[in-house]
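Structure first, then comments.
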Amino acid sequence: MTQTLQVAVCLFPRVTVTDYQGPIELLGILSAKNRERALAGVSGTLPDLNIEFTYLSHTLDPVEPTAGPTLLPSLTYDDAKEQFDIILVPGGPSVNPPRACPEFIERQAPGAKYILTVCTGSLILARTGLLSGKRATTNKSAFRSVQEETKHLGITWVPKARWVVTEDKKIWTGSGVSAGMDLAGGFLDHLVGPELGVAMRSFIELSVRAQDEDEFAAYHKLV
Ligand SMILES: *[C@@H]1O[C@H](CO)[C@@H](O)[C@H](O)[C@H]1NC(C)=O
């Protein structure tokens, strides 16, 4: 029986599109409409795994991102009653999403299999307390201010990292914007194994960097 992983994509005004669109481009290969074409030449057994995305916002009004066209959400946070398997939290320049967004994340977190954040999305997650006692990373140009704002929360912020995953493999946090692609690559390997992971990355010609292969910590003088 095919297992479908339902992904909740958390949108809000002034979201950075690449934060979620990058990972979606890669993970979306496993969605029903793409997998047959994308994985046609792949040998071996394909995982019986399907991925579906739902785009949420606090209202159904178009969401204005930092760049690019407006986005049309398909569900409000308040109307989302089902449990999602994966919660994807992108970031933005000044993350202050309407309260419905962090409240949704708090409601969903205990039952979710995975929580993925990119860029300052980890600050949204941190404020809910869900990163307390854990290791995480974030947008490097915002690193110090994120550290300062969350210093009472007992989070170990890792500066030299493209992405960080918690020991139980549940919470995956990515560094700034494009690092979301590296995070998605690592997450995909975890999900389907490195062999199929390579095949899927090759389909979109994505070369990923290792978890700690990060030049931006030094650039931003964090190490
Ligand atoms: C990263 O953080 C900096 C500092 O807060 C901010 O200026 C920048 O817009 C953020 N980048 C993104 C893509 O959100």
Side-chain angles (χ1 to χ4, degrees), residues 5 7-12 14-29 51 53 65-67 84-95 97 101-102 105 108-109 112-128 130-131 134-147 149-150 155-192 197 200-201 204 206-220 222-223:
L5 292 175
V7 185
V9 184
C10 300
L11 303 178
F12 48 86
R14 305 222 355 105
V15 66
T16 299
V17 173
T18 302
D19 287 3
Y20 67 86
Q21 188 56 42
I24 285 174
E25 213 63 59
L26 184 62
L27 300 174
I29 293 175
I51 288 194
F53 300 92
T66 52
F84 288 88
D85 302 296
I86 302 177
I87 314 298
L88 175 56
V89 189
S94 63
V95 281
C101 172
I105 296 169
Q108 289 278 327
K113 292 193 181 77
Y114 301 105
I115 301 172
L116 275 49
T117 75
V118 179
C119 198
T120 43
S122 56
L123 179 57
I124 301 175
L125 188 63
R127 287 173 182 152
T128 67
L130 287 158
L131 278 177
K134 301 190 164 67
R135 296 170 78 249
T137 195
T138 191
N139 168 2
K140 297 295 154 57
S141 43
F143 198 88
R144 284 205 169 83
S145 64
V146 167
Q147 225 171 6
E149 183 188 324
T150 61
I155 302 164
T156 305
W157 292 106
V158 184
K160 190 173 162 47
R162 291 294 277 171
W163 51 273
V164 167
V165 60
T166 53
E167 258 171 55
D168 59 3
K169 305 272 189 260
K170 178 162 175 172
I171 304 181
W172 302 64
T173 52
S175 181
V177 193
S178 75
M181 297 295 275
D182 293 342
L183 173 136
F187 177 65
L188 188 66
D189 283 355
H190 168 73
L191 216 53
V192 301
M200 286 173 61
R201 292 202 295 276
I204 61 166
L206 171 69
S207 51
V208 290
R209 277 189 258 177
Q211 206 175 343
D212 60 355
E213 203 184 322
D214 172 59
E215 77 228 52
F216 300 104
Y219 179 83
H220 291 288
L222 299 168
V223 287

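Below, each value reflects all heavy atoms present in this structure, side chains not excepted, and no hydrogens, waters or symmetry copies.
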(Q) Main chain of Val164, side chain of Thr137: is a donor-acceptor contact present, judged purely on distance under 3.5 Å? (A)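 No; judged by distance alone, with no hydrogens or angles, the pair does not exist.
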Q | Side chain Asp182, main chain Arg209, donor-acceptor under 3.5 Å | A |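 Yes, because the side chain of Asp182 sits within donor-acceptor range (under 3.5 Å) of the backbone of Arg209.
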Are [X] and [Y] packed together at the side-chain level, in the sense that at least one heavy-atom pair is separated by less than 4.5 angstrom?
X      : Y      : result
Thr173 : Thr138 : no
Leu26  : Phe187 : no
Met200 : Leu191 : no

Distance (rounded to the nearest 0.5 Å) between [X] [atom1] and [Y] [atom2]:
X      : Y      : atom1 : atom2 : result
Ile115 : Leu88  : CD1   : CG    : 11.0 Å
Asp19  : Thr117 : CG    : OG1   : 9.0 Å
Lys134 : Ile155 : NZ    : CD1   : 9.5 Å
His220 : Arg144 : NE2   : CZ    : 10.5 Å
Cys10  : Tyr20  : SG    : OH    : 11.5 Å
Leu27  : Phe53  : CG    : CZ    : 5.5 Å

Nearest non-hydrogen partners of [X] and [Y], listed with the distance:
X      : Y      : value
Pro90  : Thr16  : CB-O, 4.3 Å
Leu125 : Thr128 : O-OG1, 2.5 Å
Ala126 : Trp157 : CB-CZ2, 4.0 Å
Val118 : Pro23  : CG2-CG, 4.4 Å
Asp214 : Pro159 : OD2-O, 3.5 Å
Pro93  : Thr66  : CD-CG2, 3.3 Å

Q) Only one of Lys140, Gln147, Lys160 clears side chain to side chain contact (heavy atoms under 4.5 Å, CB included) with Leu222; which? A)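 Testing Leu222 for a side chain to side chain contact (heavy atoms under 4.5 Å, CB included) against Lys140, Gln147, Lys160 leaves exactly one candidate, Lys140.
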Q) Any salt bridge between Asp189 and Arg201, counting N to O under 4.0 Å? A) yes
Q: Name the orientation class of the two ring planes belonging to Trp172 and His190 (parallel below 30°, tilted from 30 to 60°, perpendicular beyond 60°).
A: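 Tilted, since the angle between the ring planes falls between 30° and 60°.
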Q: Step through the shown structure and confirm whether more than 12 heavy atoms of other residues, nucleotides or ligands are within 6.0 Å of CZ on Arg127.
A: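 Atom CZ in Arg127 is packed in, count exceeds 12.
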Q: Just do the side chain to side chain contact (heavy atoms under 4.5 Å, CB included) check on Leu183 and Leu116 with the steps written out, would you?
A: CA-CA 8 Å; Leu183 173 136; Leu116 275 49; 4.0 Å; yes
